[in-house]
Amino acid sequence: MINIVLFGKPGAGKGTQADFLKEKYNLTHLSTGDIFRFNIKNDTDLGKLAKTFIDKGDLVPDEVTIKMLESEVDKNPNSAGFLFDGFPRTIAQAQSLDLFLKSKKQNITATVALEADDTILVARLLERGKTSGRPDDQDEEKIRNRYDEYNQKTAPLMDYYKTQGKFYAVNGIGSIDEVTQRLSKVIDGL
């Protein structure tokens with residue numbers, strides 16, 4: 001079983017690359033963003049709660065996110081592995097995920113960060129916001145707030161996973177195929 005954490009700032013290409021990775025490596029893709037959007041669209045209690053944070057450009061609290069992901073893992077007992085996209089975002093979340101996976105006799109195989117310059121990412125998100133309908137992609141101030149959250153809370157995960165020998169950085173700039181080839185090289189080398 002292979003369990004990969006894919007992370008990077010909003011707009012770094014996680015969703016695009018996750019589609020490739022789940023197909024090539026037969027992984028169950030667990031995107032917190034997709035799960036939240038589904039719940040928001042369907043007006044579930046989780047969706048209503050998540051929306052109050054997302055609309056401000058803030059991250060959804062750990063306890064909500066963790067319970068949601070545990071439920072998704074439990075729904076896929078025969079999976080060949082999981083691709084965690086957008087989670088964990090903090091060291092506390094990473095520790096909770098490690099404990100949960102350990103209870104399932106699993107662990108994180110690797111974490112891969114798609115890296116890109118903020119200026120390029122802001123432009124990507126503003127462009128995506130023109131067609132996605134996502135309000136959090138249409139306001140540069142909200143985008144930059146998300147990046148501040150990422151820098152304060154998520155970036156320390158690099159050190160957490162580096163100490164475990166599970167961190168890999170991949171340049172997220174270039175064509176989709178170029179980035180895909182870089183990711184494949186890392187995963188094939190595990």
Side-chain angles (χ1 to χ4, degrees), residues 1-37 59-60 62 65-66 68-70 72-73 76 79-102 104 106-122 124-125 128 137 143 146-190:
M1 177 167 280
I2 185 171
N3 293 313
I4 297 173
V5 173
L6 182 63
F7 68 101
K9 292 179 181 175
K14 294 181 302 294
T16 300
Q17 293 302 324
D19 287 339
F20 161 76
L21 295 174
K22 72 181 182 183
E23 293 300 321
K24 181 171 183 179
Y25 299 100
N26 195 27
L27 302 173
T28 300
H29 180 211
L30 298 179
S31 164
T32 53
D34 289 348
I35 296 166
F36 285 143
R37 282 187 286 279
L59 299 177
V60 176
D62 287 358
T65 309
I66 291 165
M68 175 198 61
L69 277 175
E70 287 177 357
E72 293 297 319
V73 169
N76 294 282
S79 179
F82 295 93
L83 177 61
F84 296 94
D85 172 5
F87 185 90
R89 292 182 186 254
T90 65
I91 291 175
Q93 287 180 355
Q95 291 168 335
S96 293
L97 181 60
D98 286 346
L99 286 172
F100 173 68
L101 290 176
K102 186 175 180 181
K104 302 283 185 186
Q106 299 178 37
N107 65 357
I108 294 298
T109 309
T111 60
V112 182
L114 291 174
E115 297 185 336
D117 180 79
D118 285 2
T119 305
I120 293 169
L121 296 181
V122 169
R124 279 185 187 176
L125 288 182
R128 181 173 83 180
D137 285 348
I143 292 169
R146 289 156 67 193
Y147 291 168
D148 289 343
E149 289 265 344
Y150 178 90
N151 289 334
Q152 291 172 20
K153 296 179 181 177
T154 308
L157 283 170
M158 294 177 193
D159 290 333
Y160 178 80
Y161 286 114
K162 281 178 184 176
T163 61
Q164 297 177 23
K166 296 179 180 180
F167 177 81
Y168 302 87
V170 172
N171 180 354
I173 301 299
S175 72
I176 292 171
D177 288 341
E178 289 170 335
V179 176
T180 298
Q181 288 175 10
R182 292 178 202 136
L183 281 169
S184 293
K185 185 176 179 181
V186 167
I187 295 169
D188 291 343
L190 296 175

Closer than 3.5 angstrom, by distance alone: can the side chain of Asp34 be matched with the main-chain N or O of Leu30 as a donor-acceptor pair? no
Scanning both residues in full, the closest heavy-atom pair of Ala94 with Pro88 reads N-CB, 3.4 Å
Would you compute the distance between atom CE of Met1 and atom NZ of Lys104 and round it to the nearest 0.5 angstrom? 10.5 Å
For a 4.5 angstrom cut-off between non-hydrogen side-chain atoms, does Lys9 reach Asn151? yes
Are Phe87 and Met68 side-chain neighbours, meaning at least one heavy-atom pair lies under 4.5 Å? no
Counting only heavy atoms not in Lys185, do more than 12 fall under 6.0 Å of its NZ? no
Enter the distance from Leu21:CG to Thr180:OG1 here, rounded to the nearest 0.5 Å. 7.5 Å
Looking only at heavy atoms, which two atoms of Ala116 and Leu121 are closest? And how far apart? CB-CD2, 3.6 Å
OG1 on Thr16 to CG on Leu114, rounded to 0.5 Å: 9.5 Å
Do Lys24 and Asp188 have side chains that approach each other closer than 4.5 Å (heavy atoms only, starting at C-beta)? yes
Backbone N or O of Tyr160 within a donor-acceptor pair of the Lys166 side chain at under 3.5 Å? no
Exactly one candidate in Ile108, Ile4, Leu27 meets side chain to side chain contact (heavy atoms under 4.5 Å, CB included) with Phe84; the answer is Ile108
Measure the shortest side-chain to side-chain distance between Arg89 and Thr32 over non-hydrogen atoms and say whether it is less than 4.5 angstrom. yes
Backbone of Thr90 reached by a side-chain donor or acceptor of Gln95 within 3.5 Å: no
Between Lys22 and Asp19, does any NZ, NE, NH1 or NH2 come within less than 4.0 Å of an OD or OE carboxylate oxygen? yes
Look at the aromatic rings of Tyr25 and Phe20 and report parallel, tilted or perpendicular, splitting at 30° and 60°. perpendicular
Taking Gly8's backbone N and O only, do any of them form a donor-acceptor pair with Lys14's side chain (distance below 3.5 Å, no angle check)? yes
Is the shortest side-chain N to carboxylate O distance from Arg124 to Asp117 below 4.0 Å? no
Considering residues, nucleotides and ligands other than Ile173, do more than 12 of their heavy atoms fall under 6.0 Å from its CD1? yes
Main-chain N/O of Pro10 paired with Tyr147 side-chain donor or acceptor, under 3.5 Å: yes
Any heavy-atom pair between the side chains of Gln17 and Val112 that's under 4.5 Å? no
Heavy-atom pair of closest approach, residues Ala18 and His29: CB-NE2, 3.3 Å
Between CD on residue Gln181 and OG on residue Ser175, distance to nearest 0.5 Å: 7.5 Å
Can you tell me how far the CG atom of Leu101 sits from the CD atom of Glu70, to the nearest 0.5 Å? 9.0 Å
Would you say the side chain of Tyr161 lies within less than 4.5 Å of the side chain of Val5, judging by non-hydrogen atoms? yes
Can you tell me how far OG1 of Thr65 sits from CD of Gln93, rounded to the nearest 0.5 angstrom? 5.5 Å
Run Leu97 and Leu69 through side chain to side chain contact (heavy atoms under 4.5 Å, CB included) and show every step you take. CA-CA 9 Å; Leu97 181 60; Leu69 277 175; 5.8 Å; no
Heavy-atom donor-acceptor pair, Arg128 side chain to Gly11 backbone, under 3.5 Å: no
Here's a test for you: under side-chain hydrogen bond (donor to acceptor under 3.5 Å, both in side chains), which of Asn3, Thr28, Asn26 qualifies with Ser79? Thr28
